[in-house]
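Shown next, in structure tokens, is the structure this report addresses.
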Amino acid sequence: MEKAYQPQQVEDRIYQYWLEIGAFDAEVNLDKQPYCIVIPPPNVTGVLHMGHALEHTIQDLLTRWHRMRGYEALWLPGTDHAGIATQNVVEAMLAEEGLTRHDLGREKFVARVWQVKEEHHREITDQLRREGVSVDWRRERFTLDEGLSRAVREAFVTLYEQGLIYRGARMINWCPRCGTGLSDLEVERELAQGHLWYIRYPEPDGGPGVVVATTRPETMLGDTAVAVHPQDERYKEMIGKTVILPLMKREIPIVADDYIDMEFGTGALKVTPAHDPNDLEIGQRHQLPSVVVIDRDGKMTEATGPYAGLDRYECREQVVADLKEQGLLERIEDYQHTPGRCERCNTVIEPLVSTQWFVQMAPLAAEGLAAVDNKKVRFIPERWTKVYREWLENIEDWCISRQLWWGHRIPVWYCDDCGEQTCAREDPTQCVHCSSENIQQDPDVLDTWFSSALWPFSTLGWPDETPELEYFYPTSVMNPGYDIIFFWVARMIMMGRHLVGEEPFSEVFLHGLVRDEHGQKMSKSQGNAVDPIELMDEYGADAMRLALCQLITHGQDVTYSPDRMVGARNFCNKLWNASRFVIMNLEDMQSVELESAQLSLADRWILSRHSRMLAEVQRQLDGYNLAQAAEAIYDYVWGEFCDWYAEIAKIDLYADEDSSRRKTVQTILYILLDEILRTIHPFMPFITEEIWQRLPQSGETISRQPYPQSQEQWRDEEAEEQMSLLQTVITQIRALRAELTISPGQPADVTVIAPNDETISLIASQQEAIASLATVEELNLATAPAEPPQDALSAVSKGMQIYLHLPGTLDIEEEIKRIRREINELEKLRKRSVGKLQNSDFLNKAPDEVVSKEREKLAEFDRDLQKLWDQIKLLSSASR
RNA sequence: GGGCGGAUAGCUCAGUUGGCUAGAGCGCCUGCUUUACACGCAGGAAGUCGCAGGUUCGAGUCCUGCUCCGCCCA
């Protein structure tokens, strides 16, 4: 074996091997419990970032863990066509060639997108493989593939037939750059520095009229009223009268409406029903006409007369300039507002009335709420339930049509002759209403999230009643970031219940977002994004995975830490070398039966600690505490198995070749290493498989071995206590040596004064370990010193006094000072303890257990203090 | 405006039902080529657990208020 672990020599080969043997293939198997995770499908044009790496690490861990626990574990991979995002990417590529999608035409453009999709898809799946994902590639799906398209079609038609999908003209969010309508969720509000323009609308007779305040002066061209609050004393007399809309010279009424905020601006609101949702409502209440002044390209319409054709922002400047010139611009204030922006291109969206397809959400939201009310779906962490619930309780209808080319076409045909709609599962050749063959399919496509909403069941074969759907659905756990609870999780739950009749998963384990080492959001534009590929190149996939696991906290954002990568990489190497050590010493192994073997203290101790660790890992994984599970393994492997057991094991390993002790130790090392590897495997699949293959075993892959379980019969409280005492002795001797900077190779003589014979015989039985681990030559033991050594440094702990005999002479003054420092520390603790025990409330109210523990503590403090004082006395008399 | 999360060692974070002499990794200091590992070993320094109150025998942990940071919704 190499002296250091070389991930790059291992990972590709191991992954290939897994694929060859079908290690991750899952089948319908009624003898086993199903466990299923469907991957949140990455956008097919995106690049996998740290968030994906985190997500895949979690899901792979859960899947491998369950697979080893005997579940039929399916992790189903796939990618998302990501309608608008992908179309934008390809349009940007075309733009570099000086082309637009219209230059190519719909068919060629879509063909081009498919081509780009293939390239990106390869990169994405390559990266997934590098991460070590144990997905069943045979079952990989794509939201636009044939089966899923059929699911989309079925879902749409079903909802249409149920009246839950309808077409209508409503005010929607329009992105002038993308040229499509958007759902409310795809609009982001971002604080921006803007202005508040105060514009005077004079009366027809030249009277002063009213002053309105607006953040969007260009929309005034479409004003059809001014609204004031009915109780507003300033404007009471104006209500019902008219003013002249400047620039357009249109006479518009002043109406009274409760919606108006008297505190805002002048308390008078210009009403533009065509370009603001609130204004639209006011307009409807007062039967105001609607004048469309901004078109779908963000340009001014013919209705704006001289401004027609101007871009909305050019128009804004022009309108302001013209108003100023006419003396109608009263003032301009700085103002912070939050204009809506397109999630994909950051363009300020334009609210406008448009005919679109909608999903009626109220009935579906009720289903979504029922899912959590009936505890069919559990959120982890639980607090997200509230977020989910509140969104569903206040939901608006979902605009699902997009004026894009990349996506699922809306399965509706319009009849040129009778004007009716035909919505069908199979492409119709004629109108169902009048049988005319002059029918045209709706040119629009569906919101990409419509197909995503079906993902957990469409990937399993729905609408067909496949065995997979029957067996794996509902899936076990969904593991998305909390940022897509609304976009995705809620919609999957609603659609799953509504269309399949059951919730799509029973648990939603949400993870946070990955931030850079300064806590900033990672983004390509800011240049602070960390590329998982680079991390895996540098540290290996296992190290990255372990580091991510260590950083995962429940639903909290994860701050990327390069230090963690180094630490995790080092742990890989530690594991590698510990294994190297064990394997090197296993060549002549003849296993013994542990039940009948003579076990040493260290043997009993490590078996007990090992068993405890397994129980802890199980407990933490059950609670989705992945970091704590990883920590339990890490601490045990490094701090106990390597630092103590392996060191002590060397004594027997390097002794007599045929001794039974050697065989016993070999057996234990083998058993423990095998279990350690299996325990860590879900966290670090590559290195554990690589090492496991070198163990003397005949299995095919570690990924299909049973997951180790805590063995109750290995628990040994006595061994743990005794070992703890032994560790104290060794640690104290080492500390004394370090105090004197005695070189590690130089053996020292030690005297231990122990409180009782029991302790003496325990330490005596561990002489070899002490000699080896603390480099001790002569070890003297006694319950009381016949003659206290005066040429020695001493330490006191757990009722024992440990003397390190010096080769030279002791600096008595220094030693006294050192002991006094120790006494000071102990005195503080003693005082606290005494305080507690003198408090009658504590004695009466605290549980007996806590009180007696406190008494023991105090006794130990007293005992140790006494020893330290004795030592000082001794040294003082010696110095005189 | 409503809601949620965070604030613990220099940095990144654990600390699950209150009992803690508050832990880990990295960093820092001292010593060490000890036959698995210098990606290592041994030893060590380092925190009034955001602030102010309260409940309790006992609070990093529970309650109230506040400050700052971040996020979501309007």
Side-chain angles (χ1 to χ4, degrees), chain A residues 1-5 184-185 188-189 338 381 383-384 386-387 390-391 394 482-483 485-486 512-513 515 517-521 539-540 543 546-547 550-585 619-620 623 625 627-628 630-631 634-635 638-639 642-643 646-647 649-650 653-654 730-746 772-775 825-826 828-830 832-833 835-847 849-851 853-854 857 860-861:
Chain A
M1 280 172 87
E2 299 282 335
K3 196 171 171 184
Y5 175 57
D184 297 340
L185 284 178
E188 291 183 337
R189 306 250 159 213
T338 53
R383 64 185 142 87
W384 292 109
K386 193 179 167 192
V387 177
E390 277 169 15
W391 185 69
N394 300 295
Y482 63 73
D483 54 331
I485 292 178
F486 307 146
L513 313 178
R515 300 173 168 278
E517 60 257 62
H518 310 293
Q520 299 295 114
K521 216 170 180 172
Y539 303 106
L546 177 64
Q550 290 174 324
L551 291 167
I552 290 165
T553 51
H554 268 189
Q556 227 75 274
D557 284 353
V558 170
T559 306
Y560 164 77
S561 154
D563 287 345
R564 286 277 181 189
M565 295 295 150
V566 173
R569 192 266 323 263
N570 294 353
F571 180 74
C572 290
N573 196 53
K574 189 73 182 177
L575 180 65
W576 180 260
N577 272 291
S579 305
R580 197 158 76 100
F581 163 73
V582 173
I583 290 168
M584 278 167 60
N585 286 290
R619 190 175 75 91
Q620 298 295 7
N625 299 311
Q628 281 94 314
E631 191 187 18
Y634 183 104
D635 289 348
W638 200 316
C642 291
D643 288 348
E647 291 306 319
K650 284 174 184 172
L653 284 178
Y654 297 157
I730 291 170
T731 304
Q732 291 291 351
I733 296 171
R734 285 169 171 173
L736 290 175
R737 293 180 60 107
E739 192 91 35
L740 291 169
T741 58
I742 296 176
S743 82
Q746 189 186 340
S772 167
L773 270 63
T775 328
E825 287 305 303
L826 264 181
K828 275 187 217 156
L829 296 173
R830 200 190 94 94
R832 200 193 301 195
S833 192
K836 274 189 192 176
L837 289 164
Q838 282 175 346
N839 182 339
S840 59
D841 281 334
F842 175 73
L843 297 176
N844 293 333
K845 294 182 182 171
E849 208 183 284
V850 175
V851 174
K853 214 165 131 191
E854 197 60 45
K857 255 199 274 179
E860 198 176 305
F861 293 150

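Computed over heavy atoms, backbone and side chain alike; hydrogens, waters and symmetry mates excluded. Naming: A, B, ... by sequence-line order, numbering from 1 per chain.
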Is the phosphate of [N] approached by [X] (side-chain N or O, under 4.0 Å from OP1 or OP2)?
X         : N      : answer
Lys3(A)   : A38(B) : yes
Trp638(A) : C39(B) : no
Tyr654(A) : A36(B) : yes
Ser579(A) : A36(B) : no
Arg832(A) : U21(B) : yes
Lys650(A) : A36(B) : yes
Gln628(A) : G15(B) : yes
Asn570(A) : C37(B) : no

Within the structure provided, determine whether [X] and [Y] are in side-chain contact (heavy-atom separation under 4.5 Å).
X         : Y         : result
Val851(A) : Leu843(A) : yes
Val387(A) : Arg383(A) : no
Tyr482(A) : Leu513(A) : yes
Met565(A) : Tyr560(A) : yes

Spacing of the [atom1] atoms in [M] and [N] (rounded, Å):
N      : M      : atom1 : value
C37(B) : C32(B) : C1'   : 15 Å
C13(B) : A7(B)  : P     : 9 Å
G18(B) : U61(B) : P     : 12 Å
A22(B) : U16(B) : P     : 15 Å
C41(B) : U33(B) : C1'   : 11 Å
C72(B) : C51(B) : C1'   : 27 Å
G5(B)  : C11(B) : P     : 25 Å
G53(B) : C29(B) : P     : 40 Å

Look at all strands and tell whether [X] reaches a base, only sugar-phosphate, or nothing, counting heavy atoms closer than 4.0 Å.
X         : value
Pro562(A) : nothing
Phe571(A) : nothing
Glu647(A) : base
Tyr539(A) : nothing
Val850(A) : base
Arg564(A) : base
Thr731(A) : sugar-phosphate
Cys642(A) : base
Arg515(A) : sugar-phosphate
Asp483(A) : nothing

Starting from [atom2] on [N], measure out to [atom1] on [X] and report it in whole angstrom.
X         : N      : atom1 : atom2 : result
Asp557(A) : G6(B)  : CG    : C1'   : 10 Å
Asn625(A) : U17(B) : CG    : P     : 12 Å
Glu849(A) : G18(B) : CD    : P     : 14 Å
Ile730(A) : A42(B) : CD1   : P     : 11 Å
Lys836(A) : U21(B) : NZ    : C1'   : 10 Å
Leu546(A) : U12(B) : CG    : C1'   : 15 Å

* Asked: To the side chain of Arg619(A), which of A14(B), U16(B), C37(B) is closest?
  ->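 Given the options A14(B), U16(B), C37(B), the side chain of Arg619(A) is closest to U16(B).
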Could you tell me the Watson-Crick or G-U partner of [N], where both distances fall under 3.5 Å? Say none if there is no partner.
N      : result
C49(B) : none
U35(B) : none
G43(B) : C29(B)
G1(B)  : C73(B)

* Asked: Between Arg569(A) and Val558(A), which is nearer to the 5' end of RNA chain B once each is assigned its nearest nucleotide?
  ->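 Per heavy-atom nearest nucleotide, the more 5' residue is Val558(A).
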* Asked: Atom CZ of Arg830(A) and atom CG of Leu837(A): how far apart are they, to the nearest 0.5 Å?
  ->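 Answer rounded to 0.5 Å: 10.5 Å.
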* Asked: How about Thr775(A) and Gln746(A): does a side-chain donor come under 3.5 Å of a side-chain acceptor?
  -> no
* Record whether the side chain of Lys574(A) comes under 3.5 Å of the base of C39(B) through a donor-acceptor pair of N or O atoms. =>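 Absent.
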* Asked: Is the Phe581(A) ring parallel, tilted or perpendicular to the Tyr654(A) ring (thresholds 30°, 60°)?
  -> perpendicular
* To do: Salt-bridge test for Glu647(A) and Lys650(A): reply yes if a basic N is under 4.0 Å from a carboxylate O, no otherwise.
  => yes
